[in-house]
Amino acid sequence: MSFLSVAYVVLFYFAAAVFIFGLTYRITKYARTPAPLKIPTMPAPTTRTGVAMRLGREVVFFESLFKSTKWTWLFGWIFHFSLLLAFFRHLRYALTPDSFLWPLISLEVVQTFGKYAGYGMLIGLTGLLARRIFVDRVRYISSPSDYLHLILLLAIAGSGLLMTFVSHTDIVQLKAFVLGLFYFDPQPVPNSWFLLTHLTLVALLLIIFPISKLLHAPGLFFSPTRNQVDNSRDKRHVVPWAARLDSTHSD
Amino acid sequence: MEGTKPFFAKPDHQKSLGFPGELIENWHDTAIGKMGDLLGKYRSFQVYLDSCVKCGACTDKCHYYLGTKDPKNMPVGRQDLLRSVYRRYFTFAGKYFPKLVGARDLTREVLDDWYSYFHQCSQCRRCSVFCPYGIDTAEISMAAREILDSVGIGQKYCNEIIGKCYTIGNNLGLPEPALRDTLEDLEEEIFEERGVRVRLPLDEEGADVLLITPSADFFAEPHVDGLMGYAMVFHEAGIKWTLSSYASEAANFSMFIGSYENMKKQAERIRKAALDLGVKRIMHGECGHAWRVAYSFWNTLAGVGHGADPNDKYAQELQQRLDPNFPVPQHICEFTWDLIQRNQLNLDKSANDDKVLTFHDSCNVARASRMGDTPGGQFEIPRKIIQAVCNNYVDMPRDTIKESTFCCGGGGGLLTDDLMEVRVKGAQPRMEALNRVVEDHGVTNMAAICAICKSQFAKVLPYYKMPMDMIVSVHQLVRDALVLTGQTNGEAEADPDEAQAEES
Ligand code: HEM
Ligand code: SF4
Ligand code: SF4
């Protein structure tokens, strides 16, 4: 195998390790950190089911963002939804026809819409970038990394689109490469500049995920203002460090 | 606003709360250490510092930003004052690429900025409604104030008041004899007006209900009119109730400074009073942040509530004595509304015909508590009460009420003269909304159910060319419409049938 292929195999294993271990570490940290007080933003659901629905609406519709600013909501939602579609479309490179997901991802809709999802990402990301540059308030709160996140994702979507619509890559060899990674049986990577750029950027995205604001994705599920049930009068809520203060006072 | 900051607490006041008297020498390391400690204790703090994507949705949602136009008063701008330091000391990116992610060292300037801007946040939670992840700047402000206290720079107003609560029992420093006199005067006043002996009992063992109310209710206007209203409602309901001189304060300012230990210590005064007086129910007067602590935290802090684990000896000690048929704590509005629904109060709405009312949702009642059994009861119940006692009611614009309500500008420990300019500017969004309904619908009065809101509005209304007595207590309206059984010389001579007909 060429040096290039070895380098990409190493890069992807490294990126995957950082992504998986980093994210597991962060999520474990969030899960282990106690929430000593009941702080749901009211009005809040009074049942667990209600909370699941509240979180569901936040994830699927970005409900709170919709209440705040329609433009950010529109561009943000287009970007995320397109990203999700693109993700599904990409599964065909990583799955074999005997996978239980195969019928789903080979659906006409997923493949066709997935193909155009790249444009959706471009539109959404461009809108978000424009907002960041032109709205004073948003520019004020932006640091270089905030622009770079958008630029990185734009470059990923852009290089992907170029392969889909301009310069096709050897899909068969790509699939062999990806499956090779999964089965720990490294295969050569197709030698195409667009593809190599695309892959490098995706690896970079995986690496920065657990150490950047992309933690908003798991963060939402751990946000006490969104995931707590409003039942403080009916059920005493105490975490271990707070419970220890009880006894020192009463006994 | 740049450079605006409240007075520092004096060494004595700092020490009585367990904080260093003045800025300690190794403040830098202590502050970072404290931050690490809080990151491990509060999931909100940890998750919110990581999750912000700088989407900007919250930037125009804070009344202090809207009033001052200072970008550091944008909720995310405020958070970033602290997040930048968090990133520098606690994250990979901030340690190795500080410029890239806007991380910075904790310097004296940064510390001063914290003191200034975390005291320009009323912890009203409006930002958390609009943030896609529910990031609540109040949580960050509380943590920041706790860090500041831990290095010796506390805020005079809050810390002095908490101290008074410990030594005397209430924020005002009103001792038991003075409180007793005040209550007797109020009984006299009601008797002169209505010819009925309505009691305002203090420290009466064996009462069914313990009422915890903000101490401002004992003397300030229009608060005290509300207190008379509660007493008259209890009287009509025929309930034995009492106030406590030991727990003569509903407000728990320790929440403002983010100190769990002090907040617990304050809440335990209510627990002790309830145990000592042997009451079966605990009720709460009109107060905003206080009702948040009562509704959301009392059960956690002091077992004042229901549903503790059977093995939880600490909480069970009190909970076993409380009547399971009533919520604990119960808001006075929940109580009054229940009586109104059951036609137990003889109300003459025309007594308030000289007014056109609107209602200011107090930020912490709206976004940090509930009333009644269904979400949003905290919006409906006070409005229904007002509409049951007044004929003329209109709401302010929808984006300024209910969960989107604007803070009065004086919450969260800002109700002090040394922050007057911030308070006036922070009140602007509410004042503009009020002005709209004054002009469009001839609104004459705004009702509120929070001691801070009432004091703040009484002070800032004149700055916006509106009379200070525009602000009224909800239970003041109830008082004025309530016809007492056996009332002799009240002006309100209502036909009970008519009053009932209007109800249904
Ligand atoms: C549970 C899954 C997720 C949810 C609920 C979610 C939600 C959101 C929301 C509400 C925003 C703010 C609005 C906006 O600017 O678009 C946002 C921003 C952002 N999201 Fe996500 N997201 C998720 C997953 C992801 C993933 C997997 C990525 C990238 C790989 C991502 C990348 C971004 C970026 C870069 C921004 C900032 C956009 C800007 O700079 O304006 N998100 N996300
Ligand atoms: S909690 Fe209220 S005062 Fe504080 S930043 Fe948020 S909106 Fe502003
Ligand atoms: S709305 Fe939330 S995520 Fe967006 S900038 Fe404000 S705090 Fe950050």
Side-chain angles (χ1 to χ4, degrees), chain A residues 26 29-30 33-39 41-46 58 62 64-65 67-69 72 76 128 131-132 135 137-138 140-146 148 208 211-216 219-220 222-226 230-238 241-243 245-247 249-250, chain B residues 40-44 46-47 50-57 59-61 71 74 76-77 80 91-93 99-102 125 128-134 136 139 260-261 264 268 295-297 299-300 303 305-309 312 314-315 317 327-328 366-370 375-376 378 403:
Chain A
R26 284 327 272 184
K29 193 181 189 100
Y30 297 162
T33 309
L37 293 164
K38 281 287 193 146
I39 59 166
T41 308
M42 308 281 196
T46 52
E58 292 293 359
F62 297 2
S64 298
L65 187 63
K67 279 191 248 170
S68 340
T69 118
T72 312
L128 291 170
R131 179 175 155 83
R132 209 168 271 297
V135 178
R137 284 178 281 117
V138 186
Y140 177 87
I141 58 170
S142 303
S143 42
S145 68
D146 296 312
L148 290 175
I208 64 165
I211 55 167
S212 70
K213 67 175 188 179
L214 296 178
L215 286 169
H216 66 284
L220 171 59
F222 289 95
S223 170
T225 53
R226 293 288 182 266
D230 166 15
N231 63 356
S232 50
R233 287 195 288 193
D234 308 324
K235 195 167 176 341
R236 184 168 195 235
H237 168 89
V238 257
W241 72 257
L245 300 172
D246 279 351
S247 47
H249 279 275
S250 74
Chain B
K41 277 171 131 177
Y42 292 91
R43 184 184 290 167
S44 52
Q46 173 69 64
V47 171
D50 277 349
S51 300
C52 173
V53 295
K54 313 295 172 79
C55 70
T59 49
D60 55 353
K61 301 297 184 282
M74 303 189 297
V76 46
D80 276 352
T91 69
F92 177 86
K99 287 254 160 54
L100 194 64
V101 296
R125 318 188 85 206
S128 88
V129 170
F130 295 99
C131 171
Y133 322 110
D136 183 2
E139 292 293 304
Y260 188 95
E261 286 78 7
K264 180 172 174 66
E268 281 181 336
Y295 177 90
S296 294
F297 304 161
N299 204 355
T300 299
H306 291 306
D309 189 279
D312 181 348
Y314 170 83
E317 189 182 0
V328 173
R367 291 185 283 260
S369 83
R370 191 182 79 210
Q378 67 271 36
E403 79 286 349

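Remember, predicted model here, so these are calculated numbers, not experimental data. Here is the naming used below: chain letters follow the sequence lines, and residue numbers restart at 1 for every chain.
Counting all heavy atoms, side chain and backbone alike, A/Y30 lies closest to B/R43 at O-NE, 2.9 Å.
Within the 4.5 angstrom heavy-atom criterion, atoms from both the backbone and the side chain of B/Y42 approach chain A. Only the backbone of B/V328 comes within less than 4.5 Å of a heavy atom of chain A; no side-chain atom from C-beta onward does. With a threshold of 4.5 angstrom between heavy atoms, B/D50 approaches chain A through its backbone and through its side chain. For chain A, no part of B/T91 is nearby; none of its heavy atoms comes within less than 4.5 Å. For A/L148, the part lying near chain B is the side chain, with the backbone staying farther off; criterion is any non-hydrogen pair under 4.5 Å.
Defined by atom type and a distance below 3.5 Å, a donor-acceptor pair is present between the side-chain atoms of A/T41 and B/S128. A side-chain donor-acceptor contact under 3.5 Å links A/D230 and B/Y295.
Between B/Q378 and A/P43, the closest side-chain pair of non-hydrogen atoms falls below 4.5 Å. Under the 4.5 Å side-chain criterion, counting only non-hydrogen atoms from C-beta, B/P375 is in contact with A/T46.
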- request: Evaluate the side chain to side chain contact (heavy atoms under 4.5 Å, CB included) criterion for residues A/R137 and B/V76: first the C-alpha distance (whole Å), next the side-chain angles of each, then the deciding distance (0.1 Å), finally the verdict.
  value: CA-CA 10 Å; A/R137 284 178 281 117; B/V76 46; over 6 Å; no
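Considering only heavy-atom pairs separated by less than 4.5 Å from chain B, the leading option among A/A242, A/A35, A/P45, A/S223 is A/S223.
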